[in-house]
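Below, each value reflects all heavy atoms present in this structure, side chains not excepted, and no hydrogens, waters or symmetry copies. Both counts, for ligands and for their atoms, begin at 1 and track the order of listing. Just so it is clear, the structure is predicted and the values come from calculations on it, not from any experiment.
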Amino acid sequence: MSALADRLAAVQGSVADAARDAGRGLSEITTIVVTKFQPVSLIAELASLGVRDVGENRHQEAKVKAEALAYLGLRWHFVGQLQSKKARQVRAYASAIHSVDRMSLVDALRSDEASVDCFAQVDLTDDPGRGGVAPDGLEALVEHVLETPGLRLRGLMAVAPLGEPARPAFARVRLLSERIRAIAPDATDLSIGMSHDFREAILEGATHLRIGTAITGNRPDAG
Ligand SMILES: *Cc1c(COP(=O)(O)O)cnc(C)c1O
């Protein structure tokens with residue numbers, strides 16, 4: 001087996017262990033392999049190993065890769081901060097957009113075409129530069145997504161803050177998720193958990209893990 005296959009199998013094993021510990025079925029958990037900065041050849045190898053869901057965080061890079069690998073029929077998840085002027089273009093290849101975090105972006109994603117899945121990204125830090133809506137603005141954002149054609153709200157997305165334990169942070173997201181179900185009963189998914197905290201995320205109900213380096217190995221120079 002290649003090193004990539006080894007790492008993928010190891011992560012899949014850990015995901016299965018955590019799901020069992022949480023008393024959850026593996027079928028409720030989608031592992032998205034985040035392939036930003038990685039070459040197209042690595043994504044093709046992942047596909048040959050059975051990976052169907054991949055994540056990217058920059059439009060230009062995602063577009064080139066999605067076009068080059070269109071024949072594989074992968075699901076492309078957009079997980080990075082998204083400029084409104086790029087929103088329409090991302091819709092063209094993305095199965096899901098995990099980083100919907102402001103009203104103007106929702107407006108830019110409005111469409112009469114088939115709906116794209118999306119997640120409202122919540123900011124768990126006090127640092128507005130990191131992306132995500134502050135928790136006190138979440139409900140208004142969710143309402144706006146619900147009234148905008150062309151978007152299907154799947155749930156919430158968050159990144160655990162640096163320098164604090166991930167599990168209580170994810171527990172906050174779970175509480176917010178329960179709260180918004182009063183207005184968005186179908187928005188039950190949770191896109192939480194990365195290479196270093198996916199176990200904690202599974203214990204707090206993650207339905208979508210966004211795992212990069214634990215599977216791909218170190219990223220080539222970000223450039
Ligand atoms: C890069 C990235 C990930 C994956 O991070 P790893 O630590 O490599 O697993 C997940 N989510 C987002 C939003 C990212 O930008």
Side-chain angles (χ1 to χ4, degrees), residues 3-4 6-15 18 29-40 42-43 45-46 49 51-63 65-66 74-83 86-87 90 93-102 105 116-125 127-134 154-167 169-170 172-173 189-223:
L4 184 65
D6 284 342
R7 285 190 302 262
L8 177 64
V11 168
Q12 286 169 334
S14 302
V15 167
I29 301 170
T30 300
T31 297
I32 299 160
V33 184
V34 178
T35 49
K36 62 192 183 199
F37 304 124
Q38 301 289 354
V40 161
L42 180 137
I43 305 174
E45 188 180 349
L46 285 168
L49 296 168
V51 168
R52 306 306 305 153
D53 292 271
V54 293
E56 290 284 337
N57 74 336
R58 296 193 306 188
H59 163 61
Q60 199 52 44
E61 182 181 343
K63 176 179 186 284
K65 290 173 170 176
L74 297 170
R75 286 184 291 266
W76 295 85
H77 296 256
F78 194 86
V79 303
Q81 281 180 290
L82 179 52
Q83 292 173 267
K86 308 261 173 76
V90 170
Y93 56 81
S95 303
I97 300 173
H98 291 241
S99 44
V100 174
D101 63 354
R102 58 195 192 281
L105 179 57
V116 65
D117 283 352
C118 69
F119 293 77
Q121 182 180 352
V122 187
D123 183 12
L124 300 174
T125 73
D127 172 6
R130 284 179 54 102
V133 63
R154 295 288 304 255
L156 302 184
M157 181 277 221
V159 176
L162 291 170
E164 62 179 89
R167 181 129 188 219
F170 292 148
R172 273 149 61 206
V173 184
D189 285 349
L190 289 178
S191 170
I192 50 176
M194 304 173 28
S195 288
H196 297 290
D197 53 26
F198 65 83
R199 184 182 162 78
E200 290 85 347
I202 290 167
L203 292 169
E204 289 300 335
T207 60
H208 292 72
L209 310 170
R210 308 179 314 271
I211 302 181
T213 49
I215 293 172
T216 63
N218 283 339
R219 283 184 273 274
D221 218 337

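Using a 4.0 Å cut-off to heavy atoms of I211, the atoms of ligand 1 that qualify are 9 (O).
Ranking the protein heavy atoms by distance from atom 13 (C) of ligand 1 puts V79 O, 3.4 Å first. Residue, atom and distance of the protein heavy atom nearest to atom 5 (O) of ligand 1 are M194 CE, 3.4 Å. Protein heavy atom at the shortest distance from atom 6 (P) of ligand 1 is S195 OG, 3.4 Å.
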Practice item. List the steps, then state whether side chain to side chain contact (heavy atoms under 4.5 Å, CB included) holds for V34 with N57. Key: CA-CA 8 Å; V34 178; N57 74 336; 6.0 Å; no
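Comment: E61 does not engage R219 in a salt bridge, judged by the lack of any side-chain N to carboxylate O separation of less than 4.0 angstrom.
The aromatic rings of F119 and H208 sit perpendicular, their planes meeting at an angle over 60°, well past the 30° parallel limit.
Using a 4.0 Å cut-off between heavy atoms, H196 makes no contact with ligand 1 at all. With a 4.0 Å cut-off on non-hydrogen atoms, K36 touches ligand 1 through its side chain and not its backbone.
One finds the CG atom of L42 at 5.0 Å from the CG atom of L4 (value rounded to the nearest 0.5 Å). To the nearest 0.5 Å, the span separating CD on Q121 from CZ on R102 amounts to 10.0 Å.
Inter-residue side-chain proximity for L46 and I215 is flagged as met; some heavy-atom pair is nearer than 4.5 Å.
Evaluated by nearest non-hydrogen atom to atom 10 (C) of ligand 1, the leading choice among Q121, R210, R219, H98 is R210.
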